[in-house]
Amino acid sequence: MSSLWESVTQSLTMREILNQPVSWTATLGLDAAALCAVAPGDEELIFTGCGSSYYLARAAASLAREALGVPASAVPASDVLLVPQQVFSRRRSRLVAFSRSGETIETVAACRAARRFGTTVAVTCAADSSLSAAADASVNLPHAGDESVVMTQSFTNMLLAVMAGCAHASGDAARLAELRMLPESARAGLPEWQRTAEEVARDPHWSQAFFFGTGAYYGLACEASLKLKEMTQAVTEAYHPLEFRHGPQSLLTDRTLCVHLRRGGPAGSEDDLMGDVRKRGALGVTVAPAEADFCLGPGIGDWARAPLYLPPLQLLALARTALAGLDPDRPRGLTRVVTLSGEVAGQ
Ligand code: F1P
């Protein structure tokens with residue numbers, strides 16, 4: 001193991017990143033009926049959370065809409081509380097609230113507020129939490145909790161739990177079979193992803209980073225961007241790839257890393273964007289099933305592959321943290337649970 005990793009190998013964050021093949025296996029083994037709680041009857045699905053858990057909600061909404069063919073959206077928990085008239089429609093809702101801790105005040109309050117519009121489901125790593133108590137049903141993943149401040153395995157396991165629930169509820173054996181390939185794909189990929197993460201982190205030519213993802217992968221790109229931001233205080237942003245051309249590309253410099261969470265199969269317009277950013281001196285890195293800097297491996301389609309994009313990018317953030325001599329378990333200015341007072345807390 002290179003000297004870079006030695007400084008973080010004992011960290012909670014490293015341990016939790018490397019534990020994902022094991023925790024994913026446990027999540028996939030959960031009772032199907034419990035996982036199906038996220039699937040609505042005739043309600044519209046609204047996913048919510050805060051921070052990483054809001055980005056998780058973004059990805060989950062796209063994947064649930066694709067798997068179930070029902071209306072699904074994602075909003076930050078603060079919108080549920082502050083502008084409910086812009087969140088709930090006349091149609092009954094099923095609010096799926098993500099929270100690793102189950103104690104984030106906005107999320108717990110949002111769950112309570114949503115009960116007058118329909119049913120509520122908690123997806124959490126804390127079974128005996130305020131959120132699980134506030135919801136009509138709770139999908140509990142105690143095996144997937146992170147002790148570290150930053151969310152890593154908790155994020156991917158809560159996403160996987162919702163995806164498995166959608167596959168079970170729709171009776172889609174093919175989607176379920178592909179999800180069951182994920183733990184082995186991650187176990188096989190981690191050593192190489194670690195090497196690539198170190199190589200990219202050591203590249204001296206970037207100081208800001210942009211992450212590109214289409215559809216559900218935009219929520220994943222937001223999470224990858226937040227990881228690097230939380231752990232190293234770098235300037236990072238996430239964009240839908242083609243949206244980047246509509247203004248944000250003016251931020252491009254020759255000290256920019258652009259990471260593309262690439263779907264499998266043809267993605268010519270996105271590949272063209274990566275070619276353009278490289279021509280302008282940026283460092284372009286792809287994460288994709290094949291022919292990529294971070295190679296995720298074959299055999300799993302775009303839908304089921306979603307969780308697999310996170311471990312490589314969590315390792316990239318960790319490698320950069322190690323290079324900066326920072327403590328990944330105690331990121332500057334952050335706590336494991338955000339507590340608020342005032343208007344929101346009183347709800
Ligand atoms: C939400 C959250 C995380 C953030 C940090 C503080 O936690 O805001 O998204 O990265 O860890 O807590 P939770 O509601 O999922 O417990």
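As the structure is a prediction and not an experimental result, all values here were calculated from the model. When a ligand or atom number is given, it counts from 1 through the structure's own listing order.
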Exercise. Any idea which atoms of ligand 1 are less than 4.0 Å away from a heavy-atom of R100?
Worked result: 11 (O), 13 (P), 15 (O), 16 (O)
Exercise. Hey, what's the ring geometry for Y217 with Y309, parallel, tilted or perpendicular (30° and 60° as the breaks)?
Worked result: tilted
Problem set entry | Interfacing atoms of ligand 1 (cut-off 4.0 Å, heavy-atom, C50) | 1 (C), 8 (O), 9 (O)
Exercise. Under a heavy-atom criterion of less than 4.0 Å, does V150 contact ligand 1?
Worked result: no
Exercise. Under 4.0 Å from any heavy atom of E230, which atoms of ligand 1 are there?
Worked result: 4 (C), 10 (O)
For this session: Look at the rings of F47 and F98 and say which category their plane angle falls in: under 30° parallel, 30 to 60° tilted, over 60° perpendicular.
Result: parallel
Exercise. Within 45° of the axis and under 6.0 Å from the centre of the six-membered ring of W206, does NZ or CZ of R320 qualify?
Worked result: yes
For this session: Compute the centroid of each ring, for F211 and then for Y239, and state whether the two points are separated by less than 6.0 Å.
Result: no
Exercise. Using heavy atoms and a threshold below 4.0 Å, how should the contact between M151 and ligand 1 be classified: side chain, backbone, both, or neither?
Worked result: side chain
Exercise. Which atoms from ligand 1 have a heavy atom of S53 less than 4.0 Å away?
Worked result: 9 (O), 13 (P), 15 (O)
Exercise. Between F212 and H260, is a ring-ring contact (aromatic ring centres under 6.0 Å, His included) present by the stated rule, with each step listed?
Worked result: CA-CA 5 Å; F212 301 143; H260 182 200; 7.0 Å; no
For this session: Could you establish whether T335 and ligand 1 come within less than 4.0 Å of each other, counting only heavy atoms on the residue side?
Result: yes
